[in-house]
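This report concerns only the one structure given below.
Each chain gets a letter, A, B and so on, in the order its sequence line appears, and its residues count up from 1. The structure displayed is predicted, hence computed values, not measured ones.
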Protein chains: 2
Amino acid sequence: MTQSEENYLKAIYHLTTITDTDVSTNAIAETMETKASSVTDMIKKLAEKDLVNYKKYQGVSLTVKGSLAAKMIVRKHRLWEVFLVEKLDFSWDEVHDVAEQLEHIKSEKLINKLADFLGNPTEDPHGDPIPDANGDVQKVEKQLLSELNIGQNGICVGVKDTSSEFLKYLDKQKISLGSQIEFLEREEFDLSLKIKVDHTILSISNKIASNIFMKLN
Amino acid sequence: MTQSEENYLKAIYHLTTITDTDVSTNAIAETMETKASSVTDMIKKLAEKDLVNYKKYQGVSLTVKGSLAAKMIVRKHRLWEVFLVEKLDFSWDEVHDVAEQLEHIKSEKLINKLADFLGNPTEDPHGDPIPDANGDVQKVEKQLLSELNIGQNGICVGVKDTSSEFLKYLDKQKISLGSQIEFLEREEFDLSLKIKVDHTILSISNKIASNIFMKLN
DNA sequence: AAATATATTTAGACTACACTAAAAATAAGT
DNA sequence: ACTTATTTTTAGTGTAGTCTAAATATATTT
Ligand SMILES: [Mn+2]
Ligand SMILES: [Mn+2]
Ligand SMILES: [Mn+2]
Ligand SMILES: [Mn+2]
């Protein structure tokens with residue numbers, strides 16, 4: 001399997017997890033920053049290899065084989081992210097691009113040894129679940145901070161946007177995985193939220209709040 | 001720089017270090033297991049990028065720029081090998097193929113953090129020197145076991161052949177980097193050597209001996 | 001239901017890299 | 001020096017992956 005094929009599979013996998021329907025050519029093109037015609041070409045190749053189900057004009061879905069392959073790539077991506085943060089002192093906003101490369105390294109032994117070395121973590125530095133060696137993904141129930149009701153509190157367990165800009169903003173506000181957050185008040189004018197993070201009170205926009213995953217206490 | 005370009009540069013670098021003259025098209029083709037015509041194509045591209053000096057029919061040599069690039073790839077290769085052996089418990093005969101992939105990961109930060117994490121080693125698991133971040137390679141004087149005189153002794157500091165078969169043979173004979181070896185006797189009939197390795201005496205062929213690097217006491 | 005807009009596929013072209021076969025240059029042998 | 005052998009380069013072809021532009025299918029309006 002080529003790197004390009006792997007990247008397409010991963011993109012389809014991610015789109016599937018958020019929409020839960022067949023994935024459109026254009027959606028793939030957009031997330032991969034490529035052209036729809038290129039996507040069509042690749043889809044045909046993946047279908048030929050029995051990695052996706054494809055009927056012209058109807059979008060694609062992953063086969064069992066394709067889904068497993070995609071999850072193995074995600075597993076590698078996230079394990080490498082843990083390695084970079086835990087062992088090499090990268091911060092959580094610096095790991096993605098390197099992990100994009102490392103996820104394509106082919107060696108069963110390497111990835112399992114790496115997992116052991118890291119203590120078989122189940123989550124990456126952004127709170128996303130790491131599929132195990134069989135492709136099983138542990139599903140944690142979590143909800144967006146923007147969807148909490150006033151007075152509810154919990155801990156930050158993940159982020160939706162993993163862009164460097166967003167993560168650096170969170171660093172600045174001292175919000176990280178594990179932070180205790182309480183939803184104090186909503187400003188109806190701009191839908192911003194007043195929250196308490198580990199004893200300090202601050203105000204964040206709705207956009208920010210809708211990119212933070214919470215687990216209620 | 002593409003992976004393919006990097007592999008060519010590395011091959012030229014290695015050929016240069018052993019022959020110390022201009023490198024022929026055929027020599028490159030052989031080490032890269034490709035065809036001479038492919039090599040000619042790539043050489044032109046590398047020359048265009050000022051990575052090699054090239055005059056038709058005259059072979060190639062690395063420019064300063066090309067030499068530095070090659071050494072950075074070798075640096076990465078060998079640092080990853082150390083990582084695999086020291087941290088992930090790979091044995092020295094299992095690391096090469098994975099390192100061949102890892103050496104192409106592009107991130108200054110990664111490689112320097114990795115070097116720190118490993119304690120800035122100067123040698124890889126096969127006794128080969130690791131270029132530093134500036135491309136400086138520490139040259140250790142060492143000689144082949146096959147070229148020692150009777151009665152001389154020293155420690156094993158490297159191997160010339162790094163194939164899995166050879167390394168496993170050494171494992172079986174309990175010969176590893178750091179082993180104390182004394183050259184006891186030569187059998188003139190087949191040029192085999194009687195040696196003492198850390199208190200045990202054994203006989204090895206000349207072929208074996210000519211792939212073991214020694215540093216005299 | 002027809003017209004229009006959008007999404008998707010096809011057709012054709014391009015780059016990177018590899019190959020085979022043939023041509024040209026260099027090296028070796030007599 | 002001339003012939004032969006070897007090495008290297010060129011010419012032409014193929015595959016993977018991308019692109020643009022055009023054609024076709026599906027979705028949305030009116
Ligand atoms: Mn990532
Ligand atoms: Mn992540
Ligand atoms: Mn190696
Ligand atoms: Mn090595």
Mapping B:Asn26 and A:Tyr8 onto DNA chain D by nearest heavy atom, which one lands closer to the 5' end? B:Asn26
Any side-chain to backbone donor/acceptor pair from B:Arg75 onto B:Pro131? Under 3.5 Å, distance only. yes
Examine the side chains of B:Ser61 and B:Asn53 and answer whether a donor and an acceptor come within less than 3.5 Å of each other. yes
In whole angstroms, the gap separating P of C:dT9 from CE of A:Met42 amounts to 15 Å
Is a donor on one side and an acceptor on the other found under 3.5 Å between the side chain of B:Asn134 and the backbone of B:Asp136? no
Sidechain N-carboxylate O distance under 4.0 Å for A:Lys10, A:Glu5: no
Remember a base hit wins even if backbone is also touched, and classify B:Lys44 as base, sugar-phosphate or nothing at under 4.0 Å, heavy atoms. sugar-phosphate
We want to know whether A:Asn26 and A:Ser24 form a side-chain donor-acceptor pair, criterion being a heavy-atom distance below 3.5 angstrom. no
Within less than 4.0 Å of OP1 or OP2 of C:dA16, is there a side-chain N or O belonging to B:Ser4? no
Using the 3.5 Å cut-off, write out each protein N or O paired with an N or O of nucleotides 22-29 of chain D and the distance between them.
| residue | atom | partner | partner atom | Å |
| --- | --- | --- | --- | --- |
| D:dA25 | O4' | A:Tyr57 | OH | 3.4 |

With sequence neighbours excluded, what pairs up with B:Lys215 under the side-chain hydrogen bond (donor to acceptor under 3.5 Å, both in side chains) test? none
Using a 4.0 Å cut-off on heavy atoms, which residues in residues 29-41 of chain B reach DNA chain C? List them by number, or say none. B:Thr34, B:Lys35, B:Ser37, B:Ser38
Taking only N and O in the side chain of B:Tyr54, is any of them less than 4.0 Å away from OP1 or OP2 of D:dT8? no
For atom NZ of A:Lys113, is the number of surrounding heavy atoms from other residues, nucleotides or ligands below 6.0 Å larger than 12? yes
Of all the nucleotides listed (D:dT8, C:dA16, C:dT8), which has the minimum atom distance to the side chain of A:Ser24? C:dT8
